[in-house]
Engineer: 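Quick one: this structure, given as structure tokens, is what I'll be asking you about.
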Amino acid sequence: MDLASRYKGVVGFVFGNENSNSSEDSYVERLLDRISNGVLAEDRRHAIAELQTIVAESRAGQLAFGAMGFPVLMGVLKEERDDVEMVRGALETLVSALTPIDHAKGPTNEVQPALMNTDLLSRESESISLLLSLLSEEDFYVRYYTLQILTALLTNSPNRLQEAILSIPRGITRLMDMLMDREVIRNEALLLLTYLTREAEEIQKIVVFEGAFEKIFSIMKEEGGSDGGVVVQDCLELLNNLLRSNASNQVLLRETIGFDPLISILKLRGSSYSFTQQKTINLLSALETINLLMMGGSEADPQKDSNKITNKTVLAQKKLLDHLLMLGVESQWAPIALRCSALRCIGDLVAGHSKNLDALSSKVLGEERQVEPALNSILRIILRTSSMQEFIAADHVFKNFCEKNTDGQAMLASTLIPHPNSMTDASLEEDVNMSFGSMLLHGLALSESDGDLETCCRAASVITHILKDNSQCKEKVLQIELEAPMPSLGAPELLLHRIVRYLAVASSMKNKDGQPGYSYVQPIILKLLITWLADCPNAVQCFLDSRPHLTYLLELVSSTSSTVCVRGLAAVLLGECVIYNKSSENGKDGFTIADAISQKIGLTSYFLKFDEMQRSFIFSSVKPAQSHKPLTRSTTASMAEIEDDENDLTDQKNEDHPILTSVFDAQFVNFVKGLEVNIREKMVDVYSRPKSDVAVVPAELEQKGGESDKEYIKRLKAFVETQCSEIQKLLGRNATLAEDLARTGHSHPELMAGSGSDRVQIETLRRDLQEASQRVEMLKAEKAKIESEALMYQNLAGKLESDLKSLSDAYNSLEQTNIHLEKEAKTLKSGGTSTSPDIGAIKAEAREEAQKESEAELNDLLVCLGQEQSKVEKLSARLSELGEDVDKLLEGIGDDMALPEDEDEED
């Protein structure tokens, strides 16, 4: 076993002292010698106890033990299983050797001997097998210490230990059996399995096959469900590891045990509904399990969608929606993190599921007389909560409720009727008896009365979901009028115009703390307007009915005080006024808007707004879906005490509010990118054709007195031809300018000033450059090919020369044999026997035959060498043409053959 030598090498490399003579080294070495060579059993036990103490208290002791102790203790575990006390001591010493020792004043980059010991022990698969075999021992401490060792190994070397356990027969089975052991061992085995199953799919399958689901829910029931301790958290973490991105395990759970035991964990018990930190963590873990089931499996699984729908159907049948509404909406005394997680689960439960959408829309909350629709309660959370996270979570419900749900959108839009009483006089606390739409419009109107646009911004986000991709709702909401803040200010105002006014006011108003206006209000209102005007010409017309709207929007695009995101979104809104404009009224048509953009902003600057917005943090960092980190012991400790400080958060790298990364999801970002393409194309089209077909005849074209009709017609014809020619040139220039700007978003003065021939010349030069580059690449490839062939022939020539050397050696050996035979012949001849054969004749015949064979082989080799020499000469000529040094390439070939040839000549 090379464990000790390998460790000494590592220690010497790290510390630069392979021959350490410290007191710890010598002390540990003496103890190990007593353990391995001691005669008295009691003395060996004392030695192992002392060794455990020094290893547990000293890093130097851990280091010295790692260099010498593993072979000794592994030998004890393997050969002295009957001595329980010795086995206990050896295991406890191993636990101490693998447990880091914290020193507050130690340097941060100091090497951890415990980690090195862990890495060293995990490399030996025989050691893992030996440890797993100890789990079948009857002694409690032997099993307990063994599990602690395996957990330490798994913490620092997970992949290596997973592979080792999988390679050992019944390795996982032994760990699963520990779940039925005594409580302390069960908890250790549970923690070990949570580490093992995090990313190892094969281990997940074996664990499920061994009945993990039944054992997990049995343990949680014994521990008291959500009111239990950290063991329930570990059980749920293990359950989540088995279900995450694994559709087959989800189907197995659904069709065997079912979802009832899981949903029962979410049921609140008792009348106080107290939420301890551990209970909050347990409920968060259970909600994560629900979320995993509603995801349906991994993205690559073809059965994901069908499994997702089935899971949502079964969960709804088990009354999951009631429990989620209790946690997320009715339990306002619950921690914010728990309420947010429950609201997100409600949104995911109804997304893309018609029956669950109907169930949510018809659900009512409250008792006896104080009942109201669940959607109203969720809307109240959006309008009244002080937590940004809770607003985002509740907004997620409406986003998923309205997604591809035209009936639901129409139902909500039908309630958008202003409350008969004065909307600005009522407070939010008096909205209990209002309809959904009245409460929403009340929130919009209330914002202006108390000088706070935050509620308006949140209401605008909800209206965005109601209007998205629904032309009927857009037309209906377009007719809504709101009362003026004060009767003296005039007639009622259209909802669209009120929202545009809020957009303008947002930049100057201050929030509740007296700070400048919210950085997220304008982007969210702009999102609403972009969604509303998309593919809705009537909305565009309504927007342009008020001349100041266009003026303000042009100023907002050019404003240096606005963020990149606001300027870009305002540019998109301007573009919608061009591409969705069906008006022919002078001053409101698409041509007028395009001219205003060109004159007030400039096409170059206008298109640059798009590029700047796409490079901004919000648009460049958007993700397809929000991915939440799995809940573990380390992450849930902080999640249970989440305090929503998002209002005060400022990202130094991002000038926009953090909330926008949640509000601007991937769908909206992709929608804006598609709009940008359409806007660029429409601008090209506007600048490529005449504004109208109406021709205005100048007064000077009237027929002059005394001018004949023929002359008059001839003069008109020449004038028209000249005008047509100039118009075509102007249209061509406009089309070229618009195409260049739309393609690059940057100005190219040299191209705009030049004619079409300049661009043709540049394009020709570009093509010539590309062709030249291709020829250079072809020559390089040909050169590489020739060099490769030269190298191959060079190697072949070397091989032939080597064969010639071997033949020469064989010839020399044959000569030696002939000399030896001659000596033997002389010896026999001196013997004087009359019947001896003619030795001279035999020798001459053998020499002649050998010489003939050698000459034939030499002739064959010379012919081959002649052929190869001609090839080498041709290749040398070609390499010389390419500029290679042939002599340098052939340098050294054949030098090693000079010595054998000289020896042959001497012979």
Engineer: Can you tell me how far CG of Leu166 sits from CD of Glu202, rounded to the nearest 0.5 angstrom?
Structural biologist: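 So the CD of Glu202 and the CG of Leu166 are separated by 7.0 Å.
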
Engineer: Would you name the heavy atoms of Ala286 and Leu236 that are closest together and state the gap between them?
Structural biologist: N-CD1, 3.9 Å

Engineer: Just one of Thr289, Thr197, Thr194 clears the side-chain hydrogen bond (donor to acceptor under 3.5 Å, both in side chains) bar with Asn240, so which one?
Structural biologist: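 The single option meeting the side-chain hydrogen bond (donor to acceptor under 3.5 Å, both in side chains) with Asn240 is Thr289.
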
Engineer: Stepwise, does the side-chain contact (heavy atoms from CB on, under 4.5 Å) test hold for Met411 with Asp407?
Structural biologist: CA-CA 6 Å; Met411 183 268 291; Asp407 293 338; over 6 Å; no

Engineer: Without swapping roles, check the side chain of Ser157 against the backbone of Leu154 for a donor-acceptor pair under 3.5 Å.
Structural biologist: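 Such a contact is absent between Ser157 side chain and Leu154 backbone.
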
Engineer: Determine whether Glu183 and Glu222 satisfy the following criterion, side-chain contact (heavy atoms from CB on, under 4.5 Å), listing intermediate values before the conclusion.
Structural biologist: CA-CA 11 Å; Glu183 183 177 349; Glu222 291 178 8; over 6 Å; no

Engineer: Between Glu210 (side chain only) and Met176 (backbone N and O only), is there a donor and an acceptor less than 3.5 Å apart?
Structural biologist: no

Engineer: Do side-chain atoms of Arg143 reach the backbone of Glu138 as a donor and acceptor pair under 3.5 angstrom?
Structural biologist: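 Yes.
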
Engineer: Surrounding NZ of Lys304 (heavy atoms of other residues, nucleotides or ligands, distance under 6.0 Å), is the total greater than 12?
Structural biologist: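 Yes, enclosed.
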
Engineer: Measuring from atom OG of Ser274 to atom CG of Asp227, what distance do you get when rounded to the nearest 0.5 angstrom?
Structural biologist: 7.5 Å

Engineer: Drop me the distance from Leu179's CG to Ile185's CD1, to the nearest 0.5 angstrom.
Structural biologist: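 The CD1 atom of Ile185 is 11.5 Å from CG of Leu179, to the nearest 0.5 Å.
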
Engineer: Does Phe398 have its ring centroid less than 6.0 Å away from the ring centroid of Phe436?
Structural biologist: yes

Engineer: State, to 0.1 Å, how close Asn241 and Gln204 come at their nearest heavy-atom pair, and which atoms those are.
Structural biologist: O-NE2, 3.2 Å

Engineer: Is it the case that the side chain of Thr276 and the backbone of Lys279 share a donor-acceptor pair, with hydrogens and angles ignored and the cut-off at 3.5 Å?
Structural biologist: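 Yes.
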
Engineer: Cut-off 3.5 Å, side chains only: do Asp395 and His465 have a donor facing an acceptor?
Structural biologist: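 The criterion, which ignores hydrogens and geometry beyond distance, is satisfied for His465 and Asp395.
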
Engineer: Does the side chain of Leu132 come within less than 4.5 Å of Leu150's, by heavy atoms?
Structural biologist: yes

Engineer: Taking the six-membered ring of Phe668 as reference, does the cationic atom of Lys527 (NZ for Lys, CZ for Arg) lie under 6.0 Å from its centre and within 45° of its axis?
Structural biologist: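 Yes.
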
Engineer: Please lay out, stage by stage, how Gln250 and Asn311 fare under the test side chain to side chain donor-acceptor pair (under 3.5 Å).
Structural biologist: CA-CA 8 Å; Gln250 293 182 11; Asn311 286 347; 3.1 Å; yes

Engineer: For the backbone of Leu338 and the side chain of Ser341, can you confirm whether one donor and one acceptor N or O come within less than 3.5 Å of each other?
Structural biologist: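 Not a single qualifying donor-acceptor pair exists.
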
Engineer: Provide the full list of salt bridge (Lys or Arg N to Asp or Glu O under 4.0 Å) pairs with a residue in residues 151-163, sequence neighbours left out, each pair given once.
Structural biologist: Asp119-Arg160

Engineer: Begin from the C-alpha positions of Ile382 and Val397 and carry the test side-chain contact (heavy atoms from CB on, under 4.5 Å) through to its verdict.
Structural biologist: CA-CA 10 Å; Ile382 289 179; Val397 176; over 6 Å; no

Engineer: Which pair of heavy atoms, one from Ser122 and one from Ile128, lies closest together, and at what distance?
Structural biologist: CA-CD1, 4.5 Å

Engineer: Is the backbone of Ile281 close enough, under 3.5 Å, to the side chain of Ser285 for a donor and an acceptor to pair up by distance?
Structural biologist: yes

Engineer: Is it true that Glu137 and Arg88 make a salt bridge, defined as a side-chain N closer than 4.0 Å to a carboxylate O?
Structural biologist: no

Engineer: Can you confirm whether the side chains of Lys468 and Gln409 place a donor and an acceptor under 3.5 Å from each other?
Structural biologist: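 Their side chains do not contain a donor-acceptor pair, so the 3.5 Å distance test is not met.
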
Engineer: Which pair of heavy atoms, one from Glu330 and one from Trp333, lies closest together, and at what distance?
Structural biologist: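 In this case the closest contact between Glu330 and Trp333 is O-CZ3, 3.5 Å.
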
Engineer: Looking only at heavy atoms, which two atoms of Leu98 and Ala152 are closest? And how far apart?
Structural biologist: CB-CB, 4.1 Å

Engineer: Is atom CZ of Phe209 surrounded by more than 12 heavy atoms (other residues, nucleotides or ligands) closer than 6.0 Å?
Structural biologist: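 No, not enclosed.
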
Engineer: If we count only N and O atoms by modelled type, under 3.5 Å, do the side chains of Asn282 and Gln233 hold a donor and an acceptor together?
Structural biologist: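 Note: Asn282 and Gln233 side chains miss the donor-acceptor criterion.
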
Engineer: Step by step, would you call Thr406 with Asn470 a side chain to side chain donor-acceptor pair (under 3.5 Å)?
Structural biologist: CA-CA 7 Å; Thr406 55; Asn470 194 318; 5.3 Å; no

Engineer: Do Arg254 and Asn307 meet the criterion of a side-chain donor-acceptor pair at a distance under 3.5 Å?
Structural biologist: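 On atom types as modelled, these side chains qualify, holding a pair under 3.5 Å.
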
Engineer: Consider only side-chain N and O atoms of Ser435 and Ser438, and report whether a donor and an acceptor are under 3.5 Å apart.
Structural biologist: yes

Engineer: If you measure from CG on Leu357 to CG on Asn400, what distance do you get to the nearest 0.5 Å?
Structural biologist: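 The CG atom of Leu357 sits 9.0 Å away from the CG atom of Asn400.
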
Engineer: Could you give the distance from CG (Asp139) to CG (Leu91), rounded to the nearest 0.5 Å?
Structural biologist: 9.5 Å

Engineer: Hey, does the side chain of Lys312 reach the backbone of Ala351 with a donor-acceptor pair shorter than 3.5 angstrom?
Structural biologist: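 Yes; at least one donor-acceptor contact below 3.5 Å.
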
Engineer: Do Ile263 and His323 touch side chain to side chain, with heavy atoms closer than 4.5 Å?
Structural biologist: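 Side chain of Ile263 against side chain of His323, heavy atoms only: contact under 4.5 Å found.
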
Engineer: Is there a donor-acceptor contact under 3.5 Å linking the side chains of Glu372 and Ser377?
Structural biologist: yes

Engineer: Scan for salt bridge (Lys or Arg N to Asp or Glu O under 4.0 Å) pairs involving residues 346-363, sequence neighbours excluded, and state none if there are none.
Structural biologist: Asp322-Lys363

Engineer: Take a 6.0 Å sphere around CD of Glu214 and say whether it holds more than 12 heavy atoms from other residues, nucleotides or ligands.
Structural biologist: yes

Engineer: Regarding Asn291 and Arg344, do their side chains bring together a donor and an acceptor under 3.5 Å, going by distance alone?
Structural biologist: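 There is no such pair (donor and acceptor under 3.5 Å, judged by atom type) between the side chains of Asn291 and Arg344.
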
Engineer: Using a 6.0 Å cut-off, check whether atom OH of Tyr141 has over 12 heavy atoms from anything other than its own residue.
Structural biologist: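 Counting neighbours around OH of Tyr141, 12 or fewer heavy atoms of other residues, nucleotides or ligands fall under 6.0 Å, so no.
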
Engineer: For the pair Asn249 (side chain) and Leu242 (backbone), establish whether a donor and an acceptor sit closer than 3.5 Å, ignoring hydrogens and angles.
Structural biologist: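 Looks like yes, one N/O pair under 3.5 Å.
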
Engineer: Could you tell me whether the side chain of Lys221 reaches within less than 4.5 Å of the side chain of Pro261, counting heavy atoms only?
Structural biologist: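 The answer is no, as the side chains (C-beta and beyond) never meet within the 4.5 Å cut-off.
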
Engineer: With distance as the sole test, does Asn356 use its side chain to make a donor-acceptor pair with the main-chain N or O of Leu349 at under 3.5 Å?
Structural biologist: yes

Engineer: Check for a donor-acceptor pair, side chain of Arg458 on one end and backbone N or O of Thr385 on the other, with a separation under 3.5 Å.
Structural biologist: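 It does hold such a pair.
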
Engineer: Which heavy atom of Leu262 sits nearest to which heavy atom of Phe217, and what is that distance?
Structural biologist: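 Smallest heavy-atom distance, with atoms named: N-CE2, 3.8 Å.
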
Engineer: Please lay out, stage by stage, how Leu412 and Phe401 fare under the test side-chain contact (heavy atoms from CB on, under 4.5 Å).
Structural biologist: CA-CA 11 Å; Leu412 296 179; Phe401 179 82; 3.8 Å; yes

Engineer: What's the spacing between Thr661 OG1 and Tyr520 OH if we round to 0.5 Å?
Structural biologist: 13.5 Å

